[in-house]
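Reading through the structure tokens given below for one structure.
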2 protein chains.
Amino acid sequence: MEDKAQIQEAIKIQGEVVRKLKSEKASKEQIDEEVAKLLQLKAQIGGDDGKHQFVLKTAKGTRDYNPKQMAIRERVFNTIISCFKRHGAETIDTPVFELKETLTGKYGEDSKLIYDLKDQGGELLSLRYDLTVPFARYLAMNKITNIKRYHIAKVYRRDNPAMTRGRYREFYQCDFDIAGQYDGMIPDAECLKIVHEILSELDLGDFRIKVNDRRILDGMFAVCGVPDDKFRSICSTVDKLDKMPWEDVKKEMVNEKGLSEEVADRIGEYVSLQGGMDLAERLLQDHRMSQSKQACAGLSDIKLLFSYLQLFQVTDKVVFDLSLARGLDYYTGIIYEAVLTQAGAVPAPAEAQKGAPAEESVSVGSVAGGGRYDGLVGMFDPKGRKVPCVGVSIGIERIFSIMEHKAEVSAEKVRTTEVQVMVASAQKNLLEEKLRLITELWDAGIKAEVMYKKNPKLLSQLQHCEESGIPLVAILGEQELKDGVVKLRVVATREEVDISRADLIAEIRKRTSEA
Amino acid sequence: MEDKAQIQEAIKIQGEVVRKLKSEKASKEQIDEEVAKLLQLKAQIGGDDGKHQFVLKTAKGTRDYNPKQMAIRERVFNTIISCFKRHGAETIDTPVFELKETLTGKYGEDSKLIYDLKDQGGELLSLRYDLTVPFARYLAMNKITNIKRYHIAKVYRRDNPAMTRGRYREFYQCDFDIAGQYDGMIPDAECLKIVHEILSELDLGDFRIKVNDRRILDGMFAVCGVPDDKFRSICSTVDKLDKMPWEDVKKEMVNEKGLSEEVADRIGEYVSLQGGMDLAERLLQDHRMSQSKQACAGLSDIKLLFSYLQLFQVTDKVVFDLSLARGLDYYTGIIYEAVLTQAGAVPAPAEAQKGAPAEESVSVGSVAGGGRYDGLVGMFDPKGRKVPCVGVSIGIERIFSIMEHKAEVSAEKVRTTEVQVMVASAQKNLLEEKLRLITELWDAGIKAEVMYKKNPKLLSQLQHCEESGIPLVAILGEQELKDGVVKLRVVATREEVDISRADLIAEIRKRTSEA
């Protein structure tokens, strides 16, 4: 429990912070954040100015899912999980927080975005930043040397949220990874096959999967004359090419990162290249590139990869793109990223808007990404034993945003329950009979509802069915009870038939079976 | 980034803490915890004594789920979700953390168990402690006055973990709640029906659902002579009756809580009572109890509840038990708790062991609980508008523990994938043909695997099938390719038949359909 005087002191300081920001004309967002903090402090000592200043909201960058969103989410998950299972994956789960040091040194510059837990005694903990590092920790801890697993769970990043574009501080990742010492590029190709299957099945419009290799990037930097200690930093500049034109990227390389114009231009020539197996062949003959052993290893693997992709029949969407860099530190070989290339029912993706993406539209960038990380598990193993891994992560929040938008603009009504039949009555005082009937239905596995009123009006019972898409109503009345029947009403057609009690369950099943 | 000197200072202080605890002969657990913290600090500045002191573990009180545990978890969830859906529930999701003040003042004494996030700038956040308070926040924030929803998600408590008994710091809750102004006890009775259905379907052995009412407890305390300001405190003492004999509970009431022996004995008489509708009737006539309006309201509702439970055919397991108290502050009416009463394949529950539960056995206490909380939503509404709610939470971790134990002791083999067929080869150099075939299978929705080796031995391919329970093998060889067939092998019987490529998919479907 914190001391009241302490809190009052904190309120004073926080008040100063807010005043300072306002006087400095800081951004609205920054001010709002500090004001919220102030209100929270005030609430802790119980509204010192008479009224309770309660902020009724979710944490910044997070959201609730309402039943409609959940119905869409469930559908998307089912598609993705079916695909993972089709490829023989098991699933695991790990805790939402890890020891802080488990995450330390895995994310490079992005480490500042990790959420830490307060030190309340005991271990120092952080919320997971992705599912890959916990997976590597899991493998090392349990001495697992091969596994094909998927993991669907939320991860946490103290990033600048852009919720309308599906960028949150709490968001789902759907990861599929293959760990083990295998013959080259077979698991890598399967990961791309999986991305292809999922994006095709979700029907999000046309897409492209860009492929590159960390060794090709590093080799390219070397032969272009980038100093060794600038590889990572230049890599992250190249990574901006999907959001910035080459001119700006070059400027950053020269002005901020200190490359010579000449070196930058050499890089510029390479990163503009896109192709398939043929491009890999050509670069293997390239007088500069062929001097790098690393690059050649990467290029040979790209060739092998494309030969498998041909067998998997997915080369139509895959492109070898030397500008693909990807930020994360832990990749060691092939890397890839899928982007939607076509609007369809969806507003144009950020790329098409060149530098000024409108905050309000549902524009999305990459919807899947991954690569090979052969060193990560070894970082956790006491003896440094390596377990080669390759994996892919589906950017599900962006996909949700698109699906939600699609559902909104289409006439399609999203059902949020699966109720097959409503047990209703036409007259008063039939609650007991309705409860008896619904018990029979539930016990037979029928999804059924009854209103929690003793004497609801028939009209309001029927209205509820219309609103929530319940297809059938089982109506009880004095006469029906006498005759041992139930009046079964089809909501859509208003057709009504008397069904004997003995046949009711079979009749409901027949009328609501999806076949 | 923290300063190195700061960390070194922290290491010095933490070293003192450990030395002090050791000299004081503190508990092993306490020392271990502080040592772990010391090692973490040391790891931050990179192993100052030459070797890296990395602790390869999950956070205290948390665990990973391996694929086998996940398969069991999925089965349990499916049973529970089917039941919730059968009763017409929608589902929602909320973020894992809430504004700290959202949780403030909702959990009474247990508030100290809430995990806070570190203040890294921005809002003050805490991990959710249950799903009920976020649900109430959601209703108030979205001005929802009626909904029937389920929510399955992890919650967090800095409690003393007892992992072998299924008590964790991170654990799942499966909540079903009905919000809305309805006629008395109909939704309440449905919650109990749901507990009955779920526990029956999970086949955990015999169980009992204890029912009581906060108003009966409060009324009872009043007529027994407990001062108003001691209701909550005495309530939490009564709550210990399932773990302690009455003598000890009485001692606590008299010695620690300051009740007179006489008052304690009066309470003792009531809390020993168990029954059904008849007991509620009797207590309505009781000379002391009948003086409390509150108690009478509660007793009448218990009577009404039992009349609905009769219609739902669940009275065989439900018992009105005046000793049931339940800890949480927010309950206002009926409360209930389900306990397993029979060992079966499971070691005896804690109750049976009277005071000295063995840490190592899979003993479980309550597996479901809930009640009515009519005031909680109003605490969030700016105008205090109430939304009556009743709900139940399934204690899923304890159920997982039991199911895992059952799977261990039974011969049953838990499959962790759903793969229907393995694409294999009898000779070398057939990788391309295998990839071509598996592409056909995947594209037809067949769950299939191939080994990631160019030339695996047939024996190792067959062994993999045996180990992971894959029922069929599609074997390719030179001869089969020439003949346009595939050799389909049934793993269990070793039977082999040649199937033409055109019929393969249909044949696999036929042989692996569950019907």
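In what follows, every chain begins at residue 1, and chains take the letters A, B, ... in the order their sequences are listed.
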Pairing residues for B:Lys383 by the side chain to side chain contact (heavy atoms under 4.5 Å, CB included) criterion, not counting sequence neighbours
B:Asp381, B:Arg385

Backbone of B:Ile114 reached by a side-chain donor or acceptor of A:Gln120 within 3.5 Å
yes

Under 4.5 Å, counting heavy-atom pairs only, tell me which of A:Lys154, A:Glu449, A:Met70 racks up the most with chain B.
A:Met70

Heavy-atom distance under 4.5 Å to chain B: side chain of A:Ala89, backbone, both or neither?
backbone

Between B:Glu74 and A:Lys85, does at least one N-O distance fall below 4.0 Å, as a salt bridge requires?
yes

Using non-hydrogen atoms only, which part of A:Leu437 is less than 4.5 Å away from chain B: side chain, backbone, both, or neither?
neither

Count the heavy-atom pairs under 4.5 Å between each of B:Met451, B:Glu98, B:Lys60, B:Arg149 and chain A, then report the option with the highest count.
B:Lys60

Heavy atoms, side chains only, cut-off 4.5 Å: are A:Ile438 and B:Phe312 in contact?
yes

Measuring from atom SG of A:Cys83 to atom NZ of B:Lys447, what distance do you get when rounded to the nearest 0.5 angstrom?
12.0 Å

For the residue pair A:Thr62 and B:Pro95, what are the closest heavy atoms and their distance?
OG1-CG, 3.3 Å

Please determine, among A:Leu441, A:Thr102, A:Asn142, the option with the most heavy-atom pairs under 4.5 Å with chain B.
A:Thr102

May I ask you to decide whether B:Asp443 forms a salt bridge with A:Arg86, counting only side-chain N to carboxylate O separations under 4.0 Å?
no

Mind checking side chain to side chain contact (heavy atoms under 4.5 Å, CB included) for B:Pro388 and listing every partner two or more places apart, or none if nothing turns up?
B:Gln181, B:Arg372, B:Asp374

Do A:Asp183 and B:Leu431 come close enough that some side-chain heavy atom pair is under 4.5 Å?
no

Is there a side-chain contact (heavy atoms from CB on, under 4.5 Å) between B:Lys118 and A:Leu117? Walk through the geometry before answering.
CA-CA 5 Å; B:Lys118 189 168 154 185; A:Leu117 267 70; over 6 Å; no

Is there side-chain contact between A:Asn66 and B:Tyr138, with heavy atoms separated by less than 4.5 Å?
yes

Does any backbone or side-chain atom of B:Tyr150 lie under 4.5 Å from a heavy atom of chain A? Answer side chain, backbone, both or neither.
side chain

With a 4.5 angstrom heavy-atom cut-off, could you sort out which part of A:Tyr156 is near chain B: side chain, backbone, both or neither?
side chain

Select, from B:Gln420, B:Arg436, B:Lys193, the one with the greatest count of heavy-atom pairs under 4.5 Å involving chain A.
B:Lys193

Determine, for B:Glu101 against A:Lys57, whether the closest basic-nitrogen to carboxylate-oxygen distance falls under 4.0 angstrom.
no

Please identify, among B:Met185, B:Met141, B:Gln310, the residue contributing the most non-hydrogen atom pairs under 4.5 Å to chain A.
B:Met141

Select one option (side chain, backbone, both, neither) describing which atoms of A:Leu125 are under 4.5 Å from chain B's heavy atoms.
side chain

Under 4.5 Å from a heavy atom of chain A, the part of B:Ile446 involved
backbone

Need one label for B:Arg169: side chain, backbone, both or neither, based on atoms under 4.5 Å from any heavy atom in chain A.
neither

By a 4.5 Å heavy-atom criterion (distance strictly below it), what part of B:Ile470 contacts chain A: side chain, backbone, both, or neither?
neither

In terms of heavy-atom pairs under 4.5 Å with chain A, which of B:Asn455, B:Asp116, B:Val419 leads?
B:Asp116

Per-residue contact mode, A:Ile144 against chain B (heavy atom under 4.5 angstrom):
neither

Could you tell me whether the side chain of B:Thr439 and the main chain of A:Leu311 form a donor-acceptor pair under 3.5 Å?
yes

Any side-chain heavy atom of B:Ile147 within less than 4.5 Å of one from A:Pro67?
yes

Please rank A:Phe380, A:Phe84, A:Tyr182 by heavy-atom pairs under 4.5 Å with chain B and give me the top one.
A:Tyr182

Okay, side chain of B:Glu34, backbone of A:Gly122: is any donor-acceptor separation there less than 3.5 Å?
no

Region of A:Glu440 in contact with chain B, defined by heavy-atom distances below 4.5 Å:
neither

Under 4.5 Å to a heavy atom of chain B? For A:Val96 that would be both

Compare all side-chain heavy atoms of B:Leu127 with those of A:Phe97 and state whether any distance is below 4.5 angstrom.
yes

Heavy-atom pair count under 4.5 Å with chain A, highest-scoring of B:Val314, B:Asn146, B:Thr417
B:Thr417

Just so I understand: if I count every heavy-atom pair under 4.5 Å between each of B:Glu197, B:Gln69, B:Lys148 and chain A, which residue has the most?
B:Lys148

Can you name the one residue among A:Ile92, A:Thr94, A:Asp93 that meets side-chain contact (heavy atoms from CB on, under 4.5 Å) with B:Asp64?
A:Thr94

Using heavy-atom distances under 4.5 Å, tell me whether B:Arg158 contacts chain A through its side chain, its backbone, both, or neither.
side chain

Which bit of A:Glu190 is near chain B, if near means a heavy-atom gap under 4.5 Å: side chain, backbone, both or neither?
side chain

Is there a side chain to side chain donor-acceptor pair (under 3.5 Å) between B:Glu432 and A:Tyr308 once you walk through the steps?
CA-CA 8 Å; B:Glu432 294 202 358; A:Tyr308 294 142; over 6 Å; no

